[in-house]
Amino acid sequence: SSTANLSQNMRYSSIAMTLPDLNISISRFYPFRRKKMVGDEKWYEKIAMSYTGHISNSINTKENKLMHSSLIKDWRNGMRHSIPISATFPLFTYFNITPNITITDRMYTQKVRRQWDPQASAEVMDTTYSFYNVWDFNASVSLDTKIYGFFQPLPFLGDKVKMIRHVMTPTISFSASPDFSSPWFGYYGQYEYTDRQGQRQQRKYSMFPGGLFGVPGQGKTGMVSFSLANNVEMKVKSDNDSIGEKKISLIENLSISQSYNLAADSLKWSDINTSILCLLYTSPSPRDTR
């Protein structure tokens, strides 16, 4: 999908234009899966990926400067590509392990380098124009299983309720990413300067300020997350159903989760988060035919 936008102010002879603003998406697909499946599915055939892209190009200038503007120097442009890759594999029959990696690439045409001029006691800036890739990634792996419990109510409670089922889904996951502000990646710069008190200080800055799609964050990340989801259903007798019974959801989802931040210096444990979702059922009136 693509859009274009033009806004013009006759009074101040200003013009704002976006041309184009393009969004591209490819739905989930399996690049290594055979077209004709023969025999068991191979492990690499479970790998799935998708793609989303965004391209934008805009300018805000005076009318008489529009046709003389430089696409690289005067226009604010950029491209972003995101590719999530994941797969789910069975482990020891009763478990599922899901590795996932998401790669994000940003493409810019301007790069800013800053340094300190001791004679002027000021920061000086140098802008270069070329084609720059600013990419990052986040990797994670999760392990989950399902535990089923069945409870048959005691006879003295009546025979309306036939069975109650409780499904628990425990999940443990680990996610991590490196420090993209390190000099190896080249997305951030650093210089020393002298403050007003005469003390030597260090300042770290982004080389792509004002980028349409931002830059990777500073600092490495490492997180271990735990969650437990619960679902409770009840099977009851029903005269209106052809099989003589129906299922009623007592608790659609009751979840409990917590995480542990491996990269934090303190307060590594997060708060315990809980949520519950219940569906309410009411008996239909005789006139209700839905």
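Residue numbers count from 1 along this sequence. Hydrogens, waters and symmetry mates are skipped; everything else that's a heavy atom, side chains included, is used.
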If we count only N and O atoms by modelled type, under 3.5 Å, do the side chains of T171 and S142 hold a donor and an acceptor together?
no
Once the angle between the rings of F208 and Y108 is folded into 0 to 90°, is it parallel (under 30°), tilted (30 to 60°) or perpendicular (over 60°)?
tilted
Inspect the surroundings of CZ in F131 and state if more than 12 heavy atoms from other residues, nucleotides or ligands are less than 6.0 Å away.
yes
Are any of the side-chain heavy atoms of N230 and H166 separated by less than 4.5 Å?
yes
Does a donor on one side chain sit under 3.5 Å from an acceptor on the other, for S25 and T52?
no
Gap between atom OG1 of T145 and atom CD1 of I172 - 0.5 Å precision:
13.0 Å
Nearest-0.5 Å distance that lies between atom OG in S249 and atom CG in N231
5.5 Å
For side chain to side chain contact (heavy atoms under 4.5 Å, CB included), just list the numbers for S173 and S225, CA-CA rounded to whole Å, side-chain angles, deciding distance to a tenth of an Å, and then say yes or no.
CA-CA 5 Å; S173 61; S225 302; 3.5 Å; yes
Does K65 reach the main-chain N or O of T61 with its side chain, forming a donor-acceptor pair under 3.5 Å?
no
Over 12 non-hydrogen atoms of neighbours within 6.0 angstrom of NZ in K204
yes
Heavy-atom pair of closest approach, residues P99 and F89:
CG-CE1, 3.9 Å
Would you indicate whether the side-chain heavy atoms of I97 and T88 approach each other to under 4.5 Å?
no
Is there side-chain contact between Y148 and F150, with heavy atoms separated by less than 4.5 Å?
yes
Distance (rounded to the nearest 0.5 Å) between I72 CD1 and S130 OG:
7.5 Å
Given 3.5 Å as the limit, does a donor-acceptor pair link the side chain of N9 with the main chain of S13, or not?
no
Under the side chain to side chain contact (heavy atoms under 4.5 Å, CB included) criterion, do V215 and Y188 qualify, and how do the steps go?
CA-CA 9 Å; V215 292; Y188 290 82; 3.4 Å; yes
Flag yes if more than 12 heavy atoms outside L267 fall under 6.0 Å of its CG atom; otherwise flag no.
no
On the ring face of Y193, is R203 found with NZ or CZ under 6.0 Å from the centre and within 45° of the axis?
yes
Assess whether a salt bridge exists between R34 and E41, defined as any Lys/Arg side-chain N lying under 4.0 Å from an Asp/Glu carboxylate O.
no
Is the number of heavy atoms from other residues, nucleotides or ligands under 6.0 Å of D117 CG greater than 12?
yes
Rounding to 0.5 Å, atoms CZ (R165) and CD (E233) come to a distance of 4.5 Å
Using only heavy-atom distances, determine whether the side chains of E192 and Q201 contain a donor-acceptor pair under 3.5 Å.
no
Go through the steps for R33 and K42 under the test side chain to side chain contact (heavy atoms under 4.5 Å, CB included), then give the verdict.
CA-CA 8 Å; R33 180 170 290 181; K42 306 297 183 181; over 6 Å; no
Would the distance check show the side chain of N5 and the main-chain N or O of L19 forming a donor-acceptor pair, the cut-off being under 3.5 Å?
no
Hey, are W75 and S69 close enough side-chain-wise for a donor-acceptor pair under 3.5 Å?
yes
Side chains of K46 and P90: closer than 4.5 Å at any heavy-atom pair?
yes
Closest approach of S82 to T102 (non-hydrogen atoms, all atoms of both residues):
OG-CG2, 4.0 Å
Tell me if the CZ atom of F29 is crowded by more than 12 foreign heavy atoms within 6.0 Å.
yes
Following the transitive rule for hydrophobic clusters with a side-chain heavy-atom cut-off under 4.5 Å over Ile, Leu, Val, Met, Phe, Trp and Tyr, establish whether Y51 and F32 coincide in one cluster.
yes
Can you tell whether the side chains of R106 and D136 come within less than 4.0 Å, N to carboxylate O?
yes
Main chain of S270, side chain of Q258: is a donor-acceptor contact present, judged purely on distance under 3.5 Å?
yes
Would one find more than 12 heavy atoms of other residues, nucleotides or ligands at under 6.0 Å from atom CZ of F95?
no
Indicate if M207 and Y191 have the same hydrophobic cluster label, given that clusters are the connected sets of ILVMFWY residues with side-chain heavy-atom separations under 4.5 angstrom.
yes
Could you go through the side chain to side chain donor-acceptor pair (under 3.5 Å) check for S177 and T221 one step at a time?
CA-CA 5 Å; S177 64; T221 63; 2.5 Å; yes
L143, I47: one ILVMFWY side-chain cluster at the under-4.5 Å cut-off?
yes
Which heavy atom of L6 sits nearest a heavy atom of M17, and at what distance?
CD1-CE, 3.7 Å
Pair N77-T109, side chain to side chain donor-acceptor pair (under 3.5 Å): steps then yes or no
CA-CA 7 Å; N77 42 47; T109 57; 2.9 Å; yes
Could you label the plane-to-plane angle of the W135 and F185 rings as parallel, tilted or perpendicular, counting under 30° as parallel and over 60° as perpendicular?
perpendicular
Q190/Q202 under side chain to side chain donor-acceptor pair (under 3.5 Å): CA gap, chis, key distance, verdict:
CA-CA 7 Å; Q190 186 172 292; Q202 286 189 344; 3.2 Å; yes
To the nearest 0.5 Å, what is the distance between OG1 on T128 and NZ on K111?
6.5 Å
With respect to L212, which candidate in R80, M79, R76 satisfies the side chain to side chain contact (heavy atoms under 4.5 Å, CB included) definition?
R76
Within-4.5 Å side-chain heavy-atom neighbours: R114 and P209
yes
How far apart are the closest heavy atoms of H54 and F213, and which atoms are they?
ND1-CE2, 3.3 Å
Taking everything shown except W269 itself, do over 12 heavy atoms lie less than 6.0 Å from its CH2?
yes
For the hydrophobic clusters of this structure (ILVMFWY residues joined by side-chain heavy atoms under 4.5 Å, transitively), does one cluster hold both M168 and F226?
no
Is D271 atom CG crowded by more than 12 heavy atoms from other residues, nucleotides or ligands, each under 6.0 Å away?
no
Under a 4.5 Å cut-off applied to non-hydrogen side-chain atoms, are I248 and V236 in contact?
yes
Do N57 and L71 come within less than 4.5 Å of each other through their side chains, counting heavy atoms only?
yes
Any side-chain heavy-atom pair from I256 and I272 closer than 4.5 angstrom?
yes
Atom pair CG (N273) and OG (S259), whose distance is rounded to the nearest 0.5 Å:
7.5 Å
Going by atom types only, do D74 and H68 share a side-chain donor-acceptor pair under 3.5 Å?
no
Short side-chain to backbone donor-acceptor contact, D144 and P170, under 3.5 Å:
no
Side chain to side chain donor-acceptor pair (under 3.5 Å) assessment of S14 paired with K62:
CA-CA 4 Å; S14 63; K62 293 293 184 178; 5.6 Å; no
Should M234 and V161 be marked as a side chain to side chain contact (heavy atoms under 4.5 Å, CB included) after you check the CA-CA gap, both sets of side-chain angles, and the distance that decides it?
CA-CA 7 Å; M234 180 172 61; V161 179; 3.6 Å; yes
Nearest atoms (heavy-atom pairs only) where A176 meets N138:
O-ND2, 3.8 Å
How close do L262 and K268 get, heavy atom to heavy atom, and via which atoms?
O-NZ, 3.5 Å
If hydrophobic clusters are built from ILVMFWY residues whose side chains come within less than 4.5 Å, do M163 and I147 share one?
no
